[in-house]
Amino acid sequence: ASEASEYDVVFIGGGVAGYVGAIKAGQEGLKTACIEKRGMLGGTCLNVGCIPSKSLLNNSHLYHQIQHDTKKRGIDVGEVKLNLTQMMKAKDESVNGLTKGVEFLFKKNKVDYIKGTGAFMDEHTIAVNLIDGGETQVKAKNIVIATGSESTPFPGLEIDEKKVITSTGALALTEVPKKMVVIGGGIIGLEMASVWSRLGAEVTVVEFLGQIGGPGMDGDIAKQSQKILAKQGLKFKLNTKVTSGDASGSGVKIEVEAAKGGKNETLDADVVLVAIGRRPYTEGLGLENVGIDVDERKRLVIDQEYRTKIPHIRCIGDVTFGPMLAHKAEEEAVAAVEYIKKGTGHVNYAAIPSVMYTHPEVAWVGQNEQELKSQKIDYKVGTFPFTANSRAKTNLETDGMVKFLSDSKTDRILGVHIIGANAGEMIAEGTLALEYGASSEDVARTCHAHPTLAEAFKEAAMATYSQPIHF
Ligand code: FAD
Ligand code: NAD
């Protein structure tokens with residue numbers, strides 16, 4: 001290593017956490033490097049997560065819609081054929097364009113991109129095993145760990161990414177499986193189940209809990225979502241636990257049993273998707289050489305300024321506490337750099353939106369009814385269905401509703417939950433309202449353009465403290 005490789009800050013991991021932090025640090029005039037071992041920037045999100053999954057969700061939705069939802073719109077179409085190779089190519093093009101964009105932003109902001117695997121040698125030195133061969137060492141005043149997460153394996157079912165797959169395999173199948181079993185009805189499970197079901201697979205989702213959607217989704221909304229997805233062809237087995245699997249034959253056999261004891265059943269599948277959550281990834285990072293603490297879920301322990309117990313080594317994104325979401329990682333990256341540069345930074349963890357990109361989408365921010373009840377907080381509910389919204393009617397997209405939860409006494413918004421065609425875009429307004437401590441009346445008295453889906457948002461707010469006009 002030369003003297004030149006002494007940095008103000010080095011990020012280990014070039015995912016959303018690491019690359020956003022590196023760009024921000026570059027903008028702040030800090031001498032910055034980012035170490036990434038994948039050979040591509042953007043991490044899970046750009047390469048095998050958010051971006052490729054949304055490409056397949058969008059295009060599989062179009063394929064499904066053209067087959068099943070055009071006649072009533074006055075569009076007669078001829079034979080519709082799937083070209084899976086081209087659909088995958090379109091996905092790869094989106095991914096490649098975006099990862100190259102990040103490389104360009106690194107150059108623009110004078111961030112050194114070091115391609116290789118980083119491991120701590122001591123508190124200020126990282127050894128990098130370079131992708132192109134050889135090793136280098138970098139020294140840094142500040143180090144930010146942003147090594148992300150990996151899918152949690154299911155004991156006894158070895159992942160081959162062909163027959164037994166994680167989300168990574170689910171984004172790259174070369175043919176549509178006849179029968180697919182999805183273990184876990186969380187967000188990954190439901191998004192990937194939607195894609196393959198739309199393309200023709202018979203999909204069964206097995207979920208341990210009595211509700212789909214994973215942690216955070218409001219109970220009412222989860223029920224509606226399940227009903228709609230079932231109508232689209234997904235099969236659900238709730239309150240059901242997968243106990244074992246056998247992939248030794250030509251297909252895969254999955255043993256399931258009722259979660260609270262009871263009947264056993266064997267499910268046959270050509271492909272099984274394991275989607276039971278993700279866990280922090282720190283393999284080969286040499287944490288033992290610096291003695292950083294991890295909790296019982298292997299998350300790196302940090303304080304409010306993202307510092308590990310070694311104060312100049314910080315940690316952000318999936319590898320530490322909080323929801324495993326790209327936009328959460330991005331907020332933390334900016335805040336961590338602000339702490340390094342100026343000593344202050346901030347992320348409001350109470351206003352981080354979640355979106356499930358099924359059709360219709362499900363989106364929420366703040367607390368749900370189950371959480372408010374368990375905390376004994378008095379709240380009011382206001383709902384508005386898309387069946388009563390003019391734009392949803394013209395679009396023939398009337399499934400879903402907006403649900404507001406606000407404080408009984410003060411009317412301050414506590415949570416917003418949406419299921420509907422454009423929920424993922426609409427939740428931004430809810431997030432802004434929550435961030436600014438708005439009441440439902442503040443939203444209801446804000447003029448919304450007509451005809452838009454956002455009027456359903458305004459009217460649900462109205463329903464919370466008064467009555468909606470159109471329902
Ligand atoms: P990661 O993106 O995992 O990045 C960590 C990077 O560090 C990796 O590239 C890894 O190669 C690198 N690395 C690890 N160890 C080392 C080392 N020792 N040296 C060098 N490099 C190293 N979130 C959303 O908000 N919206 C979505 O729609 C969404 N969709 C998703 C879909 C799927 C299928 C999956 C799996 C996830 C999805 N997520 C989504 C979650 C999102 O991808 C993560 O929250 C986000 O990627 C976290 O960013 P990160 O930078 O913390 O970690
Ligand atoms: P998750 O925690 O959301 O869901 C996993 C589900 O699997 C849970 O509902 C759990 O009860 C169930 N489960 C666990 N063990 C089981 C068993 N043996 N049998 C049956 N069911 C079982 O995890 P995920 O869906 O894998 O997603 C991982 C992370 O990635 C999440 O944090 C998620 O937020 C993130 N992600 C986000 C998006 C998005 O924002 N659109 C998309 C994909 C992934």
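Read the numbers this way: they start at 1 and go in the same order the structure lists the ligands and their atoms. FYI, the numbering just counts along the sequence from 1. What you see is a predicted model, and the numbers here were worked out from it, not measured in a lab.
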Chemist: Give a yes or no on whether a salt bridge exists between D132 and K115, defined as a side-chain N under 4.0 angstrom from a carboxylate O.
Modeler: no
Chemist: Does the N or O separation between V319 and ligand 1 drop below 3.5 Å for any pair?
Modeler: no
Chemist: Thinking salt bridges, do E257 and K241 make one under a 4.0 Å N-O criterion?
Modeler: yes
Chemist: To which of G39, S149, G118 does the heavy atom nearest atom 18 (N) of ligand 1 belong?
Modeler: G118
Chemist: Identify, by atom number and element, the atoms of ligand 1 in contact range of L285, meaning under 4.0 Å from any of its heavy atoms.
Modeler: 18 (N)
Chemist: Where's the contact between I12 and ligand 1, heavy-atom distance under 4.0 Å: side chain, backbone, both or neither?
Modeler: side chain
Chemist: Any side-chain heavy-atom pair from V182 and V206 closer than 4.5 angstrom?
Modeler: no
Chemist: Would you tell me which option among P353, C45, G116 has the nearest heavy-atom contact to atom 47 (O) of ligand 1?
Modeler: C45
Chemist: Between T125 and K139, is there a side-chain donor-acceptor contact under 3.5 Å, judged purely by atom types and distance?
Modeler: yes
Chemist: For atom 28 (O) of ligand 1, grab the closest protein heavy atom and report residue, atom and distance to one decimal in Å.
Modeler: K54 NZ, 2.7 Å
Chemist: When you check the gap from the basic side-chain N to the acidic O, do K178 and E202 get nearer than 4.0 Å?
Modeler: no
Chemist: Quick one: look up the protein heavy atom nearest atom 45 (O) of ligand 1 and list residue, atom name and how far away it is.
Modeler: D318 OD1, 2.9 Å
Chemist: Are Y357 and ligand 1 in contact, using a heavy-atom cut-off of under 4.0 Å?
Modeler: yes
Chemist: Atoms of ligand 1 less than 4.0 Å from G317 heavy atoms?
Modeler: 52 (O)
Chemist: May I have the step-by-step check of side chain to side chain donor-acceptor pair (under 3.5 Å) for H417 and Q367, ending in yes or no?
Modeler: CA-CA 9 Å; H417 303 266; Q367 290 169 295; over 6 Å; no
Chemist: Please list, in number order, the atoms of ligand 1 under 4.0 Å from a heavy atom of S167.
Modeler: 34 (C), 36 (C)
Chemist: Begin with the C-alpha distance, continue with both residues' side-chain angles, and end with the deciding distance and a verdict on side chain to side chain donor-acceptor pair (under 3.5 Å) for D112 and Y7.
Modeler: CA-CA 10 Å; D112 285 348; Y7 290 96; 2.6 Å; yes
Chemist: Is there a nitrogen or oxygen of A326 sitting under 3.5 Å from a nitrogen or oxygen of ligand 1?
Modeler: yes
Chemist: Is ligand 1 less than 4.0 angstrom away from at least one heavy atom of M40?
Modeler: no
Chemist: Strictly under 4.0 Å, does any heavy atom of A146 approach an atom of ligand 1?
Modeler: yes
Chemist: Can you give me the closest heavy-atom contact between E161 and T166, atom names plus distance?
Modeler: OE2-OG1, 2.6 Å
Chemist: Among all protein heavy atoms, pick out the one at the shortest distance from atom 16 (C) of ligand 1; state its residue, atom name and that distance to 0.1 Å.
Modeler: T147 CG2, 3.7 Å
Chemist: What about R278: any of its N or O atoms under 3.5 Å from an N or O on ligand 1?
Modeler: no
Chemist: Tell me whether the rings of F457 and F404 are parallel (<30°), tilted (30 to 60°) or perpendicular (>60°).
Modeler: perpendicular
Chemist: Which ligand 1 atoms, with their elements, are less than 4.0 angstrom from a heavy-atom of M324?
Modeler: 41 (C), 45 (O)
Chemist: Taking the basic N atoms (NZ, or NE/NH1/NH2) and the acidic carboxylate oxygens, is any pair closer than 4.0 Å for K54 and E191?
Modeler: yes
Chemist: Answer yes when K163 and D270 have at least one side-chain N-carboxylate O distance shorter than 4.0 Å, and no when they do not.
Modeler: no
Chemist: Are any of the N/O atoms in G49 less than 3.5 Å from those in ligand 1?
Modeler: no
Chemist: Please tabulate protein-ligand N/O pairs under 3.5 Å for ligand 2, atom names and distances to 0.1 Å.
Modeler:
| from | atom 1 | to | atom 2 | distance (Å) |
| --- | --- | --- | --- | --- |
| ligand 2 | 9 (O) | E207 | OE1 | 2.7 |
| ligand 2 | 9 (O) | E207 | OE2 | 3.1 |
| ligand 2 | 11 (O) | E207 | OE2 | 2.6 |
| ligand 2 | 19 (N) | V242 | N | 3.4 |
| ligand 2 | 21 (N) | F208 | N | 3.1 |
| ligand 2 | 25 (O) | I187 | N | 3.3 |
| ligand 2 | 25 (O) | I188 | N | 3.0 |
| ligand 2 | 26 (O) | G277 | N | 2.9 |
| ligand 2 | 40 (O) | V355 | O | 3.4 |
| ligand 2 | 41 (N) | E191 | OE2 | 2.9 |
| ligand 2 | 41 (N) | V355 | O | 2.7 |

Chemist: Under the side chain to side chain donor-acceptor pair (under 3.5 Å) rule, what do E255 and T266 come out as? Steps first, then yes or no, please.
Modeler: CA-CA 5 Å; E255 300 294 326; T266 307; 3.1 Å; yes
Chemist: Can an N or O of A329 be found at a distance shorter than 3.5 Å from an N or O of ligand 1?
Modeler: no
Chemist: Considering only heavy atoms of Y281, which atoms of ligand 1 have at least one such atom less than 4.0 Å away?
Modeler: 14 (C), 15 (N)
Chemist: Work out which heavy atom in S197 is nearest to a heavy atom in L234; give both atom names and the distance.
Modeler: CB-CD2, 3.4 Å
Chemist: List the closest protein heavy-atom neighbour of atom 21 (N) of ligand 1: residue, atom name, distance to the nearest 0.1 Å.
Modeler: K37 N, 3.3 Å
Chemist: Go through the steps to decide whether Q226 and Q211 satisfy the test side chain to side chain donor-acceptor pair (under 3.5 Å), and finish with yes or no.
Modeler: CA-CA 9 Å; Q226 190 189 335; Q211 176 184 318; over 6 Å; no
Chemist: Identify the protein heavy atom lying closest to atom 53 (O) of ligand 1, giving its residue, its atom name and the separation to 0.1 Å.
Modeler: G148 CA, 3.1 Å
Chemist: In the protein, which heavy atom is nearest to atom 29 (C) of ligand 1, and how far is it?
Modeler: C50 SG, 3.3 Å
Chemist: What protein heavy atom sits nearest atom 4 (O) of ligand 1, and how far off is it?
Modeler: G15 CA, 3.4 Å
Chemist: Which bit of M192 is near ligand 1, meaning a heavy atom under 4.0 Å away: side chain, backbone, both or neither?
Modeler: neither
Chemist: Using a strict 4.0 Å threshold on nitrogen-to-oxygen distance, state whether K179 and D268 make a salt bridge.
Modeler: no
Chemist: Do you know which of K141, K31, K110 makes salt bridge (Lys or Arg N to Asp or Glu O under 4.0 Å) with D8?
Modeler: K141
Chemist: Is there a donor-acceptor pair under 3.5 Å between the side chain of S194 and the backbone N or O of M192?
Modeler: no
Chemist: N47 pairs by side-chain contact (heavy atoms from CB on, under 4.5 Å) with which of V95, L171, N96?
Modeler: V95
Chemist: What protein heavy atom is closest to atom 2 (O) of ligand 1, reported as residue, atom name and distance in Å?
Modeler: T44 N, 2.8 Å
Chemist: Between H312 and H124 (judged by ring centroids, cut-off 6.0 Å), do the two rings come close enough to count as a pair?
Modeler: yes
Chemist: Where's the contact between V48 and ligand 1, heavy-atom distance under 4.0 Å: side chain, backbone, both or neither?
Modeler: backbone
Chemist: Check if K328 has a non-hydrogen atom at a distance under 4.0 Å from any atom of ligand 1.
Modeler: no
